[in-house]
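No experiment lies behind these values; they were computed from the predicted model shown.
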Amino acid sequence: MDLQPSHASPILTDPVSKSRLGIHSSLLAYSQQDSPLSPGKYTKSNSKKNMGSLDDVRSNGWLDAMKASSPPRKKSVLKGSSALVASIDFDMEDYNLWMLEYPSALGAFEKIIDHAKNKKIAMFLDYDGTLSPIVEDPDCAFMTEPMRTTVRRVAKCFPTAIISGRSRDKVFDLVKLTELYYAGSHGMDIIGPVSDTLHENHPDCVKSTDDQGNEITLFQPAKEFLPMIDEVFRTLIDITKDIEGAKVENHKFCVSVHYRNVEENNWTVIAQRVHDILKNYPRLRSTHGRKVLEIRPVIDWNKGKAVEFLLESLGLTDMNDVLPIYIGDDKTDEDAFKVLRESNRGCGILVSSVRKDSNALYSLRDTSEVMRFLQRLVNWKRKQERKHGKK
Ligand SMILES: O=P(O)(O)OC[C@H]1O[C@H](O[C@H]2O[C@H](CO)[C@@H](O)[C@H](O)[C@H]2O)[C@H](O)[C@@H](O)[C@@H]1O
């Protein structure tokens, strides 16, 4: 199977490589750590006096990453301003060139479904920026009703999971669909179907029942970090409370520190404070999302591992029978794109209206294109079923 567009895109180096973090490899596997830690024993000191010099976040690349972490707003076209019109034309040309490397999944739809024939599609969806547009207030990132209906239809046709950086509960509250599986906290909190082989490979899986009484598997590989995350969450609330616009969210196994609504000249301050707090937590690390710093446990687990886990729990690991499709917009989705690309199965679709290097194979411009792509997939599936006499 070759789903690769003719111009293969450059493969990213791991944005959170061990060497860049400067973390000893023994810290990477949660299973190698001692027994669960209790709150209060992680920090050496949270005092602002103890903080490093302001050079830190500038020299280690945090500030540059923060500035690059969300597409710039489109400038409004001033009538008569030929310079601005020229710059927008250049952006379009640049985007169109980029699309030669990452063709539109709508344009390449026939090619994609050609590979889906005689295969089971497994659908993986990110939430923010994929199913709901990016908005100023994370609490107001609602899905439209047409998108909800579309995702419900997708889930009726194909096994479907949402893999989000939000906590599982929060993303479920926003999506409100019981027809799918959910993985919250960047895949560190998964509810999937029951599978015996899964329990052999992941002895930490817990069998349980959901609210509807269905048997489910609960997998939480960072369980022992709960008290630490809770403690760092409270500390981060405290050290950012004087920064106007800063917002800290507790996502159970990770914490988000938002700076979207913080004046840009305060980004150094917020970055430096987070950076200094993390010096006291060697078992936590920070990654960059869209105008957000994500604090998470240093464990060998991410959205890519969550995709593999869910495929296994769905009994869909046979490469020849299955076409996994993953749609996402953010850096954390790159781990999932990478898993699909490196195992040469399925396809990653990056949602972006600006050029970005990615491990995805295809692109979609925005959430409305995501909805159109999903609708076309549902229509194609129903046509297939009618052709094969299924109701
Ligand atoms: O993995 P995802 O489902 O994409 O979650 C990633 C982060 O999404 C949310 O933040 C982003 O969307 C917000 C609403 O549009 C926006 O205001 C913010 O600037 C974005 O970073 C969520 O609030 C984060 O906690 C997630 O980690």
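- Residues Y362 and Y102 keep their aromatic ring centres 6.0 Å or farther apart.
- Between H258 and E249, the side chains place a donor N or O and an acceptor N or O closer than 3.5 Å (distance only, hydrogens not considered).
- For D137, the CG atom sits in a packed shell: over 12 heavy atoms of surrounding residues, nucleotides or ligands are nearer than 6.0 Å.
- The two atoms that bring A105 and I112 nearest to each other are O-CD1, 3.9 Å, heavy atoms only.
- Side-chain contact between K247 and R260: absent, with no pair of heavy atoms (C-beta onward) separated by less than 4.5 Å.
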Step-by-step salt bridge (Lys or Arg N to Asp or Glu O under 4.0 Å) determination, K356 to E101: CA-CA 10 Å; K356 269 184 197 174; E101 280 183 77; over 6 Å; no

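- V206 and L226 are members of different hydrophobic clusters when ILVMFWY side chains are connected at heavy-atom separations under 4.5 Å.
- Using a cut-off of 4.0 Å between Lys/Arg side-chain N and Asp/Glu carboxylate O, D335 and K303 are scored as not salt-bridged.
- The main-chain N or O of P159 is never found under 3.5 Å from a side-chain atom of K120 such that the two would form a donor-acceptor pair.
- Looking at D321 and L316, their side chains never come closer than 4.5 Å, going by heavy atoms from C-beta outward.
- Between W301 and F253, a ring centre-to-centre spacing not shorter than 6.0 Å is recorded.
- Put simply, CD on E200 and CD on E312 are 9.5 Å apart, with the number rounded to the nearest 0.5 Å.
- I163 and A306 make their closest contact through CD1-CB, 4.2 Å (heavy atoms, listed as atom of the first residue, atom of the second, distance).
- The minimum heavy-atom distance between L180 and T160, with the atom names listed, is CB-O, 3.3 Å.
- Side-chain atoms of T150 never come within 3.5 Å of backbone atoms of M371 as a donor-acceptor pair (strictly under, hydrogens ignored).
- In terms of modelled atom types and a separation under 3.5 Å, the side chain of R341 and the main chain of N359 share a donor-acceptor contact.
- Partner Y326 forms a side chain to side chain donor-acceptor pair (under 3.5 Å) with one of D333, T130, D126 and no other, that one being D333.
- Within a 6.0 Å sphere centred on CG of D211, heavy atoms belonging to other residues, nucleotides or ligands number 12 at most.
- For the 3.5 Å distance criterion, the side chains of S368 and D366 qualify, holding a donor opposite an acceptor.
- Here the side chains of T217 and Y181 are not in contact, with every heavy-atom distance at 4.5 Å or above.
- Rounding to the nearest 0.5 Å gives a distance of 11.0 Å between CG of N214 and OG of S208.
- Under a 3.5 Å cut-off, the side chain of R148 and the backbone N or O of L174 do form a donor-acceptor pair.
- Cation-pi check for R376 over F109 is met; the charged atom lies under 6.0 angstrom from the ring centroid and within 45 degrees of its normal.
- For R273 and D242, the salt-bridge test passes: some basic side-chain N is under 4.0 Å from an acidic carboxylate O.
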Full working for side-chain contact (heavy atoms from CB on, under 4.5 Å) between L284 and M228: CA-CA 9 Å; L284 299 180; M228 192 192 287; 3.7 Å; yes

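- No continuous path of hydrophobic side-chain contacts links I216 to F219 [ILVMFWY only; heavy atoms under 4.5 Å].
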Derivation of the side-chain contact (heavy atoms from CB on, under 4.5 Å) call for I134 and R290: CA-CA 9 Å; I134 294 295; R290 298 183 68 169; 3.6 Å; yes

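- At a cut-off of 3.5 Å, with distance as the only test, no side-chain donor of R166 or S164 sits close to an acceptor on the other residue.
- Heavy atoms only, all atoms of each residue included: L310 and A161 are closest at CD1-CB, 3.8 Å.
- The aromatic rings of W267 and Y259 sit perpendicular, their planes meeting at an angle over 60°, well past the 30° parallel limit.
- Side-chain contact between L377 and V154 is absent, with no heavy-atom pair separated by less than 4.5 Å.
- The backbone N or O of D114 sits nowhere less than 3.5 Å from a side-chain atom of K117 that would complete a donor-acceptor pair.
- Remark: the backbone N or O of G107 is paired with a side-chain donor or acceptor of S104 at under 3.5 angstrom.
- The minimum heavy-atom distance between A246 and I270, with the atom names listed, is CB-CD1, 3.6 Å.
- Remark: K279 engages D276 in a salt bridge, criterion side-chain N to carboxylate O under 4.0 Å.
- Counting heavy atoms from C-beta on, the side chains of I295 and F233 never come closer than 4.5 Å.
- Hydrophobic clustering places M123 together with W380 (ILVMFWY residues linked when any side-chain heavy atoms are closer than 4.5 Å, directly or through intermediates).
- Between E369 and V351, the closest side-chain pair of non-hydrogen atoms is not below 4.5 Å.
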Stepwise side-chain contact (heavy atoms from CB on, under 4.5 Å) test for V322 and R345: CA-CA 8 Å; V322 182; R345 60 177 166 169; over 6 Å; no

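- Side-chain contact between L131 and V151 is present, with at least one heavy-atom pair separated by less than 4.5 Å.
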side-chain contact (heavy atoms from CB on, under 4.5 Å) evaluation trace for L293 with M66: CA-CA 8 Å; L293 297 170; M66 286 169 84; 4.2 Å; yes

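- With a 4.5 Å cut-off on side-chain heavy atoms, H275 and S286 do not count as touching.
- Between the N261 side chain and the E136 main chain, a donor and an acceptor come within less than 3.5 Å of each other.
- Atoms CD1 and NE2, on I121 and H115 in that order, are 12.0 Å from each other to the nearest 0.5 Å.
- Hydrophobic clustering of Ile, Leu, Val, Met, Phe, Trp and Tyr side chains at less than 4.5 Å, counting indirect connections, keeps L218 apart from V194.
- Heavy-atom neighbours of E263 CD from other residues, nucleotides or ligands within 6.0 Å: at or below the threshold of 12.
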Trace of the salt bridge (Lys or Arg N to Asp or Glu O under 4.0 Å) decision for K252 with D230: CA-CA 8 Å; K252 195 163 180 172; D230 207 50; over 6 Å; no

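- Side-chain N or O atoms of H202 include none that pairs as donor or acceptor with a backbone N or O of L198 at under 3.5 Å.
- For CD of Q212, the number of neighbouring non-hydrogen atoms (other residues, nucleotides, ligands) closer than 6.0 Å is greater than 12.
- Between K305 and D300 there is a salt bridge, since at least one side-chain N of the basic residue sits less than 4.0 Å from a carboxylate O of the acidic one.
- When only modelled atom types and interatomic distance are considered, E231 and Y281 share a side-chain donor-acceptor pair under 3.5 Å.
- Residue W98 comes nearest to S352 through the heavy atom pair CH2-CB, 4.3 Å, listed as atom of the first residue, atom of the second, then distance.
- Between the CG atom in D329 and the OG atom in S363 there is a gap of 12.5 Å [rounded to 0.5 Å].
- The OH atom of Y182 sits 10.5 Å away from atom CD1 of I191, with the distance rounded to the nearest 0.5 Å.
- Hydrophobic clustering of Ile, Leu, Val, Met, Phe, Trp and Tyr side chains at less than 4.5 Å, counting indirect connections, unites I349 with M143.
- T287 and E294 share no side-chain donor-acceptor pair at under 3.5 Å.
- Defined by atom type and a distance below 3.5 Å, a donor-acceptor pair is missing between the side-chain atoms of E244 and N266.
- Although no hydrogens or angles enter the test, the distance criterion places no donor-acceptor pair under 3.5 Å between the side chain of D189 and the main chain of S185.
- Rounding to the nearest 0.5 Å places CZ of F309 at 9.5 Å from CG of N201.
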